[in-house]
Amino acid sequence: MERIRIDIRGVVQGVGFRPYVYGLAARLGLAGTVNNGPAGVRVEIEGPREALDAFLAALRESPPPLARIQEIAVISMASKGEAGFAIVPSECDGERTVLIAPDIATCNDCLRELDDPHDRRYRYPLINCVNCGPRYTIIRDVPYDRARTTMAEFAMCPACRTEYEDPANRRFHAEPTCCQECGPKVVLLDRNRQLIAGDDPIEEARRRIADGEIVAVKGIGGFHLACDATNAKAVRLLRARKHRDLKPFALMTRDLDAARAIAQISEEEARMLSRPERPILLLAKREGHGIAEEVAPRSASFGVMLPYTPLHHLLLAHPSGALVMTSGNLSDEPIAYANEDGFARLSDLADCFLVHDRAIHIRTDDSVARAILGTPRFLRRSRGYAPFPVRLPAPTRGHEWLAVGAELSNTICVTREGQAFLSHHLGDLENLAAYESFVQAVAHLERLLEVAPHGVACDLHPSYASTRFARHCGLPVTEVQHHHAHIASVLAETGRTDRVIGVAFDGMGWGSDGTAWGGEFLVCDLDGYERRAHLEPLPQPGGDATAKRPARMGYVYLREAFGERAGELAREILPALSHEECAVIDTVIERGVHCPMTSSMGRLFDAASALLGVCDVNTYHAQAPIELEAVAARAASEQGSYTASLGRSGEGAVTICATDILRSMVEDSRRGVDAAVCAARFHNAIALVTRDVCRRIREDTGLETAALSGGVFANAFLLERAVHLLEQDGFEVLLNALAPPGDGGICLGQAAVAAWRCACA
Ligand code: ZN
Ligand code: ZN
Ligand code: FE
């Protein structure tokens, strides 16, 4: 007989760990106890050596599906000669290192019950268990138990109570468990909040969707607006009501087969789509998809997700095409999530409301990802992932950080014991409602983690709302340059503490010289950086406003490339730009007023997109580059490229003359070369110059590792080619896989730098 104590850390509470341990011990004939402690799950167990080994092996190799084990510590103890195995009450003092689980899609066991006419939860739209259902979005406080969730208002019926208390039941301590007797109810209401009569609200909602209506559907983290994706009239109506012109709508299909009917899906992508986190995945459209053109106009792909709540499964149960499932909001506002808020803000957008009375405590948008180089890369990391942490390269014990992120696509994070806990997507902070949810998220995350940060990390940009918050929150401030933070996010994810060549391409970040950066090659580690190379800075007339008008940036490059002929060329290839507007830009640049300098790669992509006639106005973030990539993808096998000359700045950094690239591209285009070929050559040119500049820096420094980040690298065409060229040349390439390469990953980089500097100080 031997006895051991096992401490398991990670996401191990609220995921069915104790019943799993109980079942495993019973199968192996072991005696002992299991309980939830402040640091995770603790097991004390005794029996023959071989059985104990088998127990540990099972724990490591096949833990409960939702558990994410970070550490298993085993120590041996004196045998107590115990018989039987028991789940014992939780300990409640000491430090808390338990992780809160993200929200998880309905599991197969629950789906079977949902479909089984003999089950007492047959067709109950809020069915859940210890392996699935809402978590992060319903938790008000810790420790995680029903009383501290939005299910507290619902008293369990005797049948649910019995399951909840039975260690052998899969609903043992499933905190949100309920049934049609005791749980929240789903109802269908009209715009005036009047009940729409009928015995099956979900059936009725489906009938209305089939008739072309728009239905607001309450999900896990907020409201969706749903309509029939094959009905062009309904989709047009939704666009008009949402004030959304061109940005693609997400789709939800009944299952994987239905998704395959509208999009091309690799085996890898099929696995990503089916994962319990259920992200929206960007997938190439399939020929003859039958979806209304208005769903994703001018896009080569659809954003597709599979159902993730029982309500979704019931709504999509009958064979139909796909539903548009777009977030319930007016263009740039945050998603509506409370019922009151939903009615107030969506009653002009939806014809009726399919809602229930389980409250959402934390608004959480759908996550969006794209498979690039065999791995999902996040465009937005939110529902299903938040607040799961990323381990930092430096320990933080005793000195924790709040990192407040950037301005657009903001997320924040809080560190605890060497891990950075990333919030859900909070949106663009220039929007007041988004800023309010940012302030709430800071307080909420600190409460859930029981951390009072010792310092705050923020961007250098003086007018970001997040920076201003950091400067006024009363904590010592560490500023982290924007592109350094992008690269640091990759270093944090990959656990690297050495120096690398960081390639940060994005729309805009505040540089240490007060100008706008965005096409940067840094030599950096977690502590600091040197700016070794960048795009040659050009004027950006009108500053940030120009980000909405790619044609203006196109004209700036025309001036650089063709001098006096620019005006005449603009009339030919930039019809969106009037003669007067060109004259204003000329004046602004000559006088240098409202005309900051920028080395932004995002603006270069804007210019290329406008100059090829692809997109001259950005109606949503990064529209011109996204559409340019879609055009280039039509010439995916194109090998041609353009070359850029390299120079030196006054500070000794290598400068890249992107004007050379655009001059060749415009000449190609005017010779009648197809826009797709020109766009592909443009992408190839950026990939090539990336490799060439990395080579130069390697010659100077001996560094052989390149870390690529920044929003521009959400571009699969560019990223695949750049990585291929770099690897062919012997570079080791590091990329983001856990946090978005865009500004949604900035908080992670800030936290990593702040924690590292502090640990090394
Ligand atoms: Zn379940
Ligand atoms: Zn019940
Ligand atoms: Fe950025």
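Atoms within a ligand are numbered from 1 in the order they appear, just like the ligands themselves. The figures that follow rest on heavy atoms only: side chains count, while hydrogens, waters and symmetry mates do not.
- Results of the side-chain contact (heavy atoms from CB on, under 4.5 Å) test with His173 over Arg18, Glu163, Glu165 single out Arg18 as the only residue that passes.
- Taking 2.8 Å as the limit, the number of protein N, O or S atoms around the Zn ion (ligand 2) is 4.
- Centred on the Fe ion (ligand 3), the NE2 atom of His486 and the OD1 atom of Asp743 lie at an angle of 90°, reported to 10°.
- Centroid-to-centroid, the aromatic rings of Tyr164 and Phe172 stay 6.0 Å apart or farther.
- The angle subtended at the Fe ion (ligand 3) by NE2 of His482 and OD2 of Asp506 is 90°, given to the nearest 10°.
- Side-chain atoms of His486 and Asp506 include a donor-acceptor pair closer than 3.5 Å.
- Within 6.0 Å of atom CD in Glu181, 12 or fewer heavy atoms from other residues, nucleotides or ligands are found, so the atom counts as exposed in its surroundings.
- The residues Asp366 and Arg383 are annotated as salt-bridged, a charged nitrogen and a carboxylate oxygen being separated by less than 4.0 angstrom.
- Under the 6.0 Å distance and 45° angle rule, Arg721 counts as a cation-pi partner of Phe717.
- Salt-bridge formation is not detected for the pair Glu493/Arg381: no Lys NZ or Arg NE/NH1/NH2 atom is positioned less than 4.0 Å from an Asp or Glu carboxylate oxygen.
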